[in-house]
Amino acid sequence: QLQASGGGLVQVGDSLRLSCDASGRTFNTFVIGWFRQAPGKEREFVAIRRSGDSPYYAASVKGRLTMSRDGAKNTFYLQMESLKPEDTAVYYCAITNRVLAGSIYYYSSPARYSVWGQGTQVTVSS
């Protein structure tokens, strides 16, 4: 299981860092994904990273979000800058060890992931 945390209520333009604790799982190769789901909308990817590759970001967040990892803690982070009201959603992290070569965009679908965190609410108030 993954443990996502770090959400909260912030103002427009503020920053947040979400954490995804994967210490209960160890994979040599993996794809880690961050997704979000706003009320009444489908779950959408915001950032994904395949082990050994650079992160890939959704166009709506590119330049404002940054993925990172603390290997010693096996914890993944999503640094969120310049938050907007449209960033309001429940944010989830997910991971899979079924790693395929080819386009990273394959992993933009939630269906590619076998393990999910419980979600953390991010609310951006104007």
Side-chain angles (χ1 to χ4, degrees):
Q1 190 73 325
L2 304 178
Q3 297 292 328
S5 62
L9 172 63
V10 298
Q11 302 293 314
V12 170
D14 283 351
S15 302
L16 274 178
R17 188 178 78 161
L18 306 184
S19 299
C20 179
D21 181 358
S23 58
R25 296 185 172 266
T26 55
F27 300 135
N28 290 327
T29 58
F30 58 87
V31 178
I32 181 81
W34 286 96
F35 293 79
R36 68 186 180 186
Q37 188 165 19
K41 295 188 176 181
E42 293 187 354
R43 192 168 297 189
E44 64 175 358
F45 98 96
V46 292
I48 46 181
R49 182 174 184 177
R50 180 167 47 198
S51 51
D53 289 349
S54 298
Y56 177 74
Y57 300 98
S60 59
V61 303
K62 195 171 184 179
R64 300 189 296 117
L65 271 59
T66 304
M67 294 183 73
S68 63
R69 180 191 182 197
D70 183 331
K73 297 179 180 179
N74 205 20
T75 299
F76 299 87
Y77 301 100
L78 185 67
Q79 180 68 39
M80 309 169 68
E81 308 284 351
S82 303
L83 285 163
K84 305 176 181 180
E86 52 263 42
D87 294 320
T88 295
V90 178
Y91 284 71
Y92 299 89
C93 58
I95 196 167
T96 179
N97 63 344
R98 302 183 69 179
V99 180
L100 303 175
S103 173
I104 187 65
Y105 193 74
Y106 174 83
Y107 291 98
S108 65
S109 168
R112 309 305 181 199
Y113 298 84
S114 52
V115 180
W116 289 82
Q118 81 281 11
T120 184
Q121 176 72 48
V122 172
T123 303
V124 184
S125 173
S126 56

How would you list, by chain and number, every residue that makes a salt bridge (Lys or Arg N to Asp or Glu O under 4.0 Å) with [X], sequence neighbours excluded?
| X | result |
| --- | --- |
| Glu44 | Arg36 |
| Arg50 | Asp53 |
| Arg64 | Asp87 |

Quick one: are [X] and [Y] in side-chain contact, heavy atoms under 4.5 Å?
| X | Y | result |
| --- | --- | --- |
| Leu65 | Leu78 | yes |
| Trp116 | Phe35 | yes |
| Leu18 | Gln79 | no |
| Ile104 | Arg49 | no |
| Tyr106 | Val31 | no |

Which pairs pass disulfide bond (SG atoms under 2.5 Å apart) with one or both residues in [range], sequence neighbours excluded?
| range | result |
| --- | --- |
| residues 33-64 | none |
| residues 94-126 | none |
| residues 31-96 | Cys20-Cys93 |

Check your understanding: Can any side-chain N or O of Gln118 pair as donor or acceptor with the backbone N or O of Ala4 at less than 3.5 Å?
Key ->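 Judged by distance alone, yes, a pair lies under 3.5 Å.
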
Residues which pass side-chain contact (heavy atoms from CB on, under 4.5 Å) with [X], listed by chain and number, not counting sequence neighbours:
| X | answer |
| --- | --- |
| Ser109 | Ala111, Arg112 |
| Ser126 | Val12, Pro85 |
| Ser125 | Leu9, Gln11 |

Applying a strict under-4.5 Å side-chain criterion to I, L, V, M, F, W and Y, I'd like to know whether [X] and [Y] cluster together.
| X | Y | result |
| --- | --- | --- |
| Val90 | Ile95 | no |
| Ile32 | Phe45 | no |
| Val46 | Ile48 | no |
| Leu16 | Val124 | yes |

**Study point:** For Ala22 against Leu2, the heavy-atom pair lying closest together
**Key:**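 Distance-wise, the nearest heavy atoms are CB-CD2, 3.6 Å.
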
**Study point:** Closest heavy-atom pair and its distance - Ala72, Asp70
**Key:**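 The pair with the smallest heavy-atom distance is N-OD1, 3.0 Å.
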
Which atom pairs, one a donor and one an acceptor, fall under 3.5 Å between side chains of residues 54-61 and the rest of the protein, sequence neighbours left out?
{"unit_1": "Tyr57", "atom_1": "OH", "unit_2": "Met67", "atom_2": "N", "d": "2.8"}

Practice item. Would you please test Thr123 and Gln121 for side chain to side chain donor-acceptor pair (under 3.5 Å) and show each step? Key: CA-CA 6 Å; Thr123 303; Gln121 176 72 48; 3.3 Å; yes

Would you give the length of the straight line joining atom [atom1] of [X] to atom [atom2] of [Y], rounded to the nearest 0.5 angstrom?
| X | Y | atom1 | atom2 | result |
| --- | --- | --- | --- | --- |
| Thr66 | Arg17 | OG1 | CZ | 12.0 Å |
| Asn97 | Ser114 | CG | OG | 6.0 Å |
| Asp21 | Asn74 | CG | CG | 7.5 Å |

Practice item. Not counting sequence neighbours, list each pair that qualifies as a ring-ring contact (aromatic ring centres under 6.0 Å, His included) and has a residue in residues 73-105. Key: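 Qualifying pairs, neighbours excluded: Phe30-Phe76.
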
Check your understanding: Counting only heavy atoms not in Glu86, do more than 12 sit closer than 6.0 Å to its CD atom?
Key ->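 Result for CD/Glu86: enclosed.
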
Exercise for review: Please list, chain by chain and in numerical order, all residues satisfying side chain to side chain donor-acceptor pair (under 3.5 Å) with Ser68, sequence neighbours excluded.
Suggested key: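 Here no residue qualifies.
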
